[in-house]
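Let me begin by presenting the structure, written as structure tokens, before commenting on it.
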Amino acid sequence: MARAYWLVKSDPDTFGLAHLRASPRRTTSWDGVRNYQARSLIRDRMREGDGVLFYHSGQRPPAVVALAEVVGRAYPDTTQFEETHAGYDPASTPAHPRWYAIDVRLVEELPRPVTLPEIRATSGLEDMVLLKRGRLSVQPVTPAEWRTVVALGRRRSERRA
DNA sequence: GCCAACGTTGGC
DNA sequence: GCCAACGTTGGC
């Protein structure tokens, strides 16, 4: 099966590129997702080796800042069973977990961020889920979109306003 | 800090 | 099953 591509959003104050870089083996458990659509993508679609655009939301401007990859397969998100955790779900049981997590490893920090305004303005990216459905925290990216975003992020020359 | 978009909850 | 109220996300 061909490699698939994804975009994951994170708030850099909560868990951003700096945290990912500092994680053991530059790998983290992508947990805490409590949206059914995102859950289904994590659990049913994401595969070892898939490419991940690491996106910082909640900063100005929001931007894709790094490339990552999926490690292994999804597993039940243990935070759903922890009563003290913000993502605690009393309706979920270990036998029938509702929420899933997956490991993500940092592969490459982009020389320059690819900002949301730039994505909006780039031909070929107008159909990105990022622009169509603003609040989905894990979303699919097409191979063409992946190539375009990666090329922009690796471009060394300064961006012209 | 504001607020629009939109997913989720719950009354009926 | 409908839909209004509510809560959260995330751009600005």
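Every chain is numbered from 1 and lettered A, B, ... according to where its sequence line falls, protein lines coming before strand lines. In this text the structure is predicted, and so the values were computed from the model without any measurement. Reckoned from all heavy atoms, side chains included, excluding hydrogens, waters and symmetry mates.
- Residue pairs satisfying the salt bridge (charged side-chain N to carboxylate O under 4.0 Å, His left out) criterion with at least one member in residues 121-143 of chain A, sequence neighbours excluded, are listed as follows: A:D127-A:K132.
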Anything under 3.5 Å between a protein N or O and an N or O of nucleotides 6-10 of chain B, put it in a table, one pair a line.
residue, atom, partner, partner atom, Å
B:dC6, O4', A:R135, NE, 3.4
B:dC6, O4', A:R135, NH2, 3.3
B:dC6, O2, A:R135, NH2, 2.4
B:dG7, O4', A:R135, NH2, 3.4

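- Note on residues 38-59 of chain A: pairs passing ring pair (Phe, Tyr, Trp, His ring centres under 6.0 Å), not counting sequence neighbours, are A:W30-A:F54, A:F54-A:H56.
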Exercise for the section: Using Watson-Crick or G-U wobble pairs with both distances under 3.5 Å, give me DNA chain B in dot-bracket, 5' to 3', with [ ] for crossers and | for pairs to another strand. Expected result: ||||||||||||
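- Listed by first and then second residue, the salt bridge (charged side-chain N to carboxylate O under 4.0 Å, His left out) pairs that reach into residues 75-102 of chain A are A:R34-A:D77, A:D89-A:R98, sequence neighbours excluded.
- Applying the side chain to side chain donor-acceptor pair (under 3.5 Å) rule to A:T93 yields no partners; only residues at least two apart in sequence or on another chain are considered.
- Residues satisfying the ring-ring contact (aromatic ring centres under 6.0 Å, His included) criterion with A:Y5, sequence neighbours excluded, are A:W146.
- Applying the side-chain hydrogen bond (donor to acceptor under 3.5 Å, both in side chains) definition to pairs two or more places apart or across chains, those involving residues 17-27 of chain A are A:R21-A:E109.
- For residues 58-72 of chain A, every residue pair satisfying the side-chain hydrogen bond (donor to acceptor under 3.5 Å, both in side chains) rule, not counting sequence neighbours, is listed here: A:E69-A:R105.
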